[in-house]
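Every value quoted in this text rests on a predicted model; they were computed, and no experiment measured them.
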Amino acid sequence: MTTPHDAVVLAGGAAQRLGGADKPGVRVGGRALLDRVLAACRGADRTVVVGDPRPTVHPVRWTREDPPGGGPLAALDAGVREIGAGPRAGAGGGAVAGETGADVLLVLSADLPFLDEDTVHRLLGALADAPDTEAALLTDAGGRDQPLVAAYRAAPLRRELARITEERGTLAGGPLRQLTGALRLTRVAAGPLASFDCDTWEDIATARARIREHGTVLDEWITAVKDELGIELDVDTGVLLDLARDAAHGVARPAAPLTTFLVGYAAARAGSEGGPEAVAEAARKAAALAQRWAAEQDEAG
């Protein structure tokens, strides 16, 4: 079971190395960088994005650091304050007022095209498994801490933000090491791409090229389509590909896309309770029909 948590996503940087471009809105694999990160943290009870409001695939709350462009510490503080100010989801889906947020806070930057839910779960799990620690930080391939890909215990995080404010008079322009250096940490080694961030147009080009690699392009495409259509259903793509093959070979090539569409429609008619099983059952029936169709052709031949 995933640790209950809230999330703060920092999306308000100046993107100077991108020539001032709107970095959270830059698309990789057809999806905005911000939407890709929001998909990875969709298990949060509440998500606050620190940056300028924009349409997003997943619902979020918005805030901005003061002053705008004041740096990651100021942005993180703004996000933490907004988490404490807003209602959280109750057990029945309704809002519960008066709470200050979950005990654990996931903190992410908005420029991580390959961040996934598995990495988020590993961070949350590492923090849960080490009750004496105050934060779990991702480390990149070079062993460097990534304080903006981390899970923090909310109370120590608020404590240290308040301390830094008192010592410096402001959080604007403050380095993140002032925060992490005062916390008891555990570290989680990143997967091959989880910590890859996009600071330059060369990074963007690299990410876009990796998206189209043969081993990942289909999963990336399916995820992009589901996000675009507002679908969160997980399906076995192998089953659908086998069905498309059977329809193309046993009937005719144009039958492949038409058949998979009809299977999706049939699963939708089954309602939300059907889930992936409804897709699998409809695909099984259609595949059996395609095989019977092909068998008749063979007999006729």
Heavy atoms, side chains only, cut-off 4.5 Å: are Val120 and Leu106 in contact? yes
Begin with the C-alpha distance, continue with both residues' side-chain angles, and end with the deciding distance and a verdict on side-chain contact (heavy atoms from CB on, under 4.5 Å) for Lys23 and Asp199. CA-CA 8 Å; Lys23 182 160 68 168; Asp199 291 326; 3.4 Å; yes
Residue pair Val263, Leu243: steps toward the side-chain contact (heavy atoms from CB on, under 4.5 Å) verdict: CA-CA 10 Å; Val263 163; Leu243 169 61; 3.4 Å; yes
Same cluster (ILVMFWY, side-chain, under 4.5 Å), Leu108 and Leu183: no
If we only count heavy atoms from C-beta on, is the Thr133 to Leu185 side-chain gap below 4.5 Å? no
Would you check if the side chain of Arg46 reaches a backbone N or O of Ile83 as a donor-acceptor pair within less than 3.5 Å? yes
On a heavy-atom basis, which atom in Glu117 and which in Ala40 lie closest, and how many Å separate them? CG-O, 3.3 Å
Tell me, yes or no, whether the heavy-atom count around Asp103 atom CG, taken from other residues, nucleotides or ligands under 6.0 Å, exceeds 12. no
Within 6.0 Å of CH2 in Trp62, more than 12 heavy atoms from elsewhere: yes
Any heavy-atom pair between the side chains of Val279 and Val239 that's under 4.5 Å? no
Glu134 bridged to Arg153 by N-O distance under 4.0 Å: no
CD/Glu167: more than 12 non-hydrogen atoms of other groups inside 6.0 Å: yes
Step by step, would you call His5 with Leu124 a side-chain contact (heavy atoms from CB on, under 4.5 Å)? CA-CA 9 Å; His5 63 284; Leu124 295 170; 3.5 Å; yes
Would you check if Val57 and Leu38 make a side-chain contact, meaning some heavy-atom pair closer than 4.5 Å? no
Distance-only side-chain donor-acceptor flag, Thr206 / Asp203, under 3.5 Å: no
Is the shortest distance from a Lys or Arg side-chain nitrogen in Arg27 or Asp35 to a carboxylate oxygen in the other one below 4.0 Å? no
What closest approach, in Å, do Asp6 and Ala102 show between heavy atoms, and which atom pair accounts for it? OD2-N, 2.7 Å
Compare all side-chain heavy atoms of Leu148 with those of Leu76 and state whether any distance is below 4.5 angstrom. no
For Phe196 and Pro113, which heavy atoms make the closest approach, and how far apart are they? O-CD, 3.3 Å
Under the side-chain contact (heavy atoms from CB on, under 4.5 Å) criterion, do Val9 and Leu34 qualify, and how do the steps go? CA-CA 8 Å; Val9 180; Leu34 176 57; 3.8 Å; yes
Determine, for Arg210 against Glu220, whether the closest basic-nitrogen to carboxylate-oxygen distance falls under 4.0 angstrom. no
Glu281 and Arg284 ion-paired at < 4.0 Å: yes
Taking atom CG of Asp77 and atom CG of Leu179, what is their separation to the nearest 0.5 Å? 10.5 Å
Smallest separation among heavy atoms of Arg36 and Gly29, with atom names: NH1-CA, 4.3 Å
Any Leu33 side-chain heavy atom under 4.5 Å of Pro24 side chain: no
Test item: Gln146 and Leu137 side chains (from C-beta on) under 4.5 Å apart, heavy atoms: no
Of all heavy-atom pairs linking Thr260 and Ala244, the shortest is CG2-CB, 4.2 Å
Kindly give the heavy-atom pair with the smallest separation between Thr180 and Pro147, and that separation in Å. CG2-CB, 3.7 Å
Is there side-chain contact between Cys198 and Val26, with heavy atoms separated by less than 4.5 Å? no
